[in-house]
Amino acid sequence: MENSNQEKLYKIFAKVFDNPNLIIEPQMTANDVDGWDSMSHLSLIVTVEKEFGIKISGAEVMRLKNVGDLLELINNKTK
Amino acid sequence: MLRLIKYVIVLAGISFLISYSLFVFLNIGLRSQKNDTFPVINELVNNNENIQVLFIGSSLAQNNINPIVFDSVTKSTSYNFGYPGAKIEHSQMIIKRYLNSNHPPPQKILIMLEPYVLDTTLEINFPVQYYPFYKDTIIYNFVSKYDPDIKFIKKFPFLGVTKYNDYLKYLGVSGVLFPNRLTSKLLKGFEPLDKNSWKENNELPKNRTKELLISKRKLDPEIKRLEEICKLCSQKNIQLYFILPPTYKGKREKNYNPDNFINDLKLIVEKYNIHLFDNSDIDLCQKKELFFDYHHLNKKGADIYTRILANLIN
Amino acid sequence: MLFNSYSFILFFLCVVLLFFSLPSRFRNILLLAASYYFYMQWKPEYGLLLAFSTIISYYTAILISKKKFEERKKYIVACIFINLSILFFFKYFNFFNDNFRSVFSYFQLSYPIPNILKIILPVGISFYTFETISYLLDIYYERREPEKKIITYAVYISFFPKLLAGPIEKSTNLLVQLNTVPEFNYERIVEGLRRMLWGFFKKIVIADRLSLMIDPVYSLPSNYSGVYTLITCYLFAFQIYCDFSGYTDIAIGASKILGYDIVENFNFPFISKNVGEFWRRWHLSLSNWLKDYLFTPIIFKRKGWKNYALVYATFITFLLCGLWHGAKWTFVTFGLLQGIVISYELMTKSIRKKWASEISTKLYNNISLVLTFHFIVFSFIFFRADNMHNAFEIINRLIHFNFNSHILSEFNKFGMFSLGIVFLTISFMHFVERKYQPSLVGFNNNIKINYIFNCITLTLLIILGYFHPQIFIYFNF
């Protein structure tokens, strides 16, 4: 379950950033990814919500520090 | 720590050396400048010729008397040492400095006076023009009383250039690079004013007049300074003249009344055998076309008045 | 005490000597005392304001860290509200009061609240209030633990190199470093000195000289020709850059000498290819603050609006960014102009990518660069003008592009000499910063170049500096 969430999330990343070869690690932050600006951040979160069928609140987004945090949040919500 | 101090000292040393060289360079240029009153200060410091008649005072000397006309009437050599806004102490410095040089003293000194020269509340105008002459003791002692910057220049000549504004730098550079292109508006120190531009509003601040003419106590030190000038001149056998130049009578300031001032002057005049000419109300004072503003003659007026004055002196 | 005054240099020298001779446990106390001494030189009462703001945020942070996330909100809102109220009272009260009064009088209603006479803006308040808020929100969002020692926290808020005009430090940078013990390090100190020297050069040689040329034009635009006004508008961009980045260089250099690294604030703003990029290169610490604590929360609150959330957030952010600079309609206009153009950029991102590929990308980039620079120069008219009337008068002069002026001496020999100095010094600055980064890091590698550069800068500073201390523009914000 958790591994498949991870795979699915990385695919979303590849789609949002329009880069199939994008390598994502859990400890990566917005600074480590080219083109990760507010606009793509927004579409990333919106896509995640749609694909996983979950709701993420504004405060929850603000508390995310890196990709790992996002994955953990998804895992908690899809349990 | 030692390494750091060494680093800073060597760095500062090199920079100071360069800035000192530039300072010397600019001073050379400035001393040959023809702009503003630089030629007058140069004449004062470097002159070795024999000048027989000196005109001293503020702009009332600088703009009202044409030495060339004076020379042609009296067949003598004269020079106008008027400096804009000069007060009595300033005039005293100029006389002292001139007499200190290596040439015979003049025969006559004419000081243009008006009540306003007693006002010591104002500092000297454009003290920057004296900066290149900071090594001259008489000039330095006078300027340093009013302007702390020249003290800084004397103490730290290697940082002296920091006190020069862009205009002085410009004059200095052009003085060295293009000495032949420099021109002066001044004719032996005389600055002719444009006859076409009568300035209706160009009056002196009114509150100054009032204060000066009413409170007599303030005047005393300045009258004493005048007395010192008189003593100096009588020692050197120079004939001194006090002159109140013409002022336009069209529309006077209400409080303008030189009578008190003239009474003060009369006390010294008798004591030191000085000639006092009050020209502030002569015929020419009615003719607007001869004036630049209420207190300054234009070029034409200056030439006419100089002729009148020359005849009076002769 | 201005950075560009002899008293600051003396003050700083004393602080550095004491700092490295005291045992490490006293250093933060020294920094705190020095910072408050430095701040209270302006107006002693405002030191109390700073202390008050520091103390309540310190205790709020400790309090909320013990609560659960859901319970934190009311405390954080209360504390931020108090901090913003202080800022609002000192900075915006009269402005809003005036505007409400005009609205009331428009409807012919009476308006009872009088203006408070002569509120003097406590210098640096906009900067330290934002730092306090950033610290509180970082605790709220669980990005960090609250600082335990009140002295360390107080030094973080009041650290004198950055107190008056930033950079706006995040708690995750400086506050962490304040808990370490910096060593006396020769290389660091030389680097810090060089950075300070460079800051002085930009401020004293370029910005102050430009201010002499620009101020008269903005105070009496009708006296100057259109051509000169145009030149002035371009030069103002360089004045404000040199003034503010010069200040920042001095702040960063001074911190470096003491052993702390504070954040960079500029990254070649004038080579930006769009206005969004400009704000990622200009006054970075403010842009990042606005992005992290205003823009991002807004877009995620309104994420249902899709791209319109971005436009909405952009407008709010830049409106407040404008107002942050001061309570004036000119700053509001400045902010709105940025908002409009950035919204346009956000909405047309994909179309513009297509345009770029249709004509050559290089050409497209160059055109974008020129357009962006001109937009920035234009918006700076509102930034600099004293009021809207003044701004429109300047724009009017630009439209009537002519050589006629009341003052004919603009382009005489001396005028050209001054412009020549300005041109040469700006070129020198540009060359150095392009080659070695604005932070001058590239210099570390080569001791000889390093030395020659320091020598040239110091000499230029002495021979071309304008040594009549002028206040830094950003102290007004």
Side-chain angles (χ1 to χ4, degrees), chain A residues 8-9 11-22 24-79, chain C residues 64 68-73 76-77 133-134 136-145 170 172 263 274 276-277 279-280 284 287-288 290-314 316-318 342-343 345-350 352-353:
Chain A
K8 202 168 160 191
L9 178 64
K11 270 184 194 152
I12 294 172
F13 267 96
K15 199 176 109 192
V16 168
F17 292 105
D18 199 15
N19 180 1
N21 304 322
L22 191 67
I24 295 289
E25 307 274 345
Q27 70 280 3
M28 281 174 98
T29 65
N31 295 335
D32 304 324
V33 182
D34 249 8
W36 192 339
D37 54 14
S38 312
M39 205 172 181
S40 47
H41 196 39
L42 179 66
S43 66
L44 179 73
I45 299 294
V46 172
T47 320
V48 165
E49 282 186 330
K50 210 164 67 190
E51 296 279 320
F52 289 95
I54 53 173
K55 278 264 163 257
I56 303 174
S57 74
E60 281 166 337
V61 177
M62 293 305 296
R63 285 157 80 187
L64 301 174
K65 285 186 281 288
N66 54 31
V67 177
D69 284 357
L70 178 61
L71 192 60
E72 205 185 309
L73 186 74
I74 296 169
N75 287 338
N76 287 339
K77 294 231 170 186
T78 51
K79 248 175 208 164
Chain C
I64 60 173
K68 284 199 192 114
F69 184 75
E70 290 71 27
E71 292 170 18
R72 288 176 174 186
K73 200 163 184 177
I76 192 111
V77 168
I133 294 173
S134 110
L136 288 168
L137 287 172
D138 283 349
I139 307 275
Y140 174 71
Y141 290 130
E142 295 172 334
R143 287 188 193 143
R144 58 161 296 127
E145 290 296 304
K170 284 191 177 174
T172 43
V263 292
N274 57 58
E277 189 188 346
W279 284 96
R280 287 192 290 278
L284 287 172
S287 308
N288 283 337
L290 291 168
K291 190 181 122 223
D292 289 351
Y293 303 108
L294 191 68
F295 184 78
T296 317
I298 293 175
I299 58 171
F300 285 107
K301 203 161 182 202
R302 300 267 176 262
K303 63 179 182 297
W305 299 3
K306 302 267 171 61
N307 275 351
Y308 295 105
L310 290 170
V311 174
Y312 171 72
T314 303
I316 302 234
T317 306
F318 278 100
I342 292 177
S343 300
E345 285 173 355
L346 284 170
M347 303 305 285
T348 58
K349 204 171 176 181
S350 46
R352 284 186 295 123
K353 226 176 191 173

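Below, chain A is the first sequence line, B the second, and so on; all start at residue 1. Predicted model, so just to flag it, every value in this text is computed and none were measured.
- Note: C:Phe300 leads C:Phe295, C:Tyr140, C:Phe300 in heavy-atom pairs under 4.5 Å with chain A.
- Distance CG/C:Leu290 to OG1/C:Thr296: 10.0 Å, rounded to 0.5 Å.
- C:Asp292 touches chain A through its backbone: at least one of N, CA, C or O sits under 4.5 Å from a heavy atom, while the side chain does not.
- The ring pair (Phe, Tyr, Trp, His ring centres under 6.0 Å) check on C:Tyr293 picks up C:Trp289, with sequence neighbours excluded.
- No part of C:Lys73 comes within reach of chain A, as not one of its non-hydrogen atoms sits under 4.5 angstrom from that chain.
- Taking C:Val311 as the reference, C:Phe315, C:Ser343, C:Met347 meet the side chain to side chain contact (heavy atoms under 4.5 Å, CB included) condition, with sequence neighbours excluded.
- Nearest heavy atom pair, residue C:Leu294 against residue C:Thr317, reads CD2-CA, 3.8 Å.
- Heavy-atom distances place both the backbone and the side chain of C:Leu346 under 4.5 Å from chain A.
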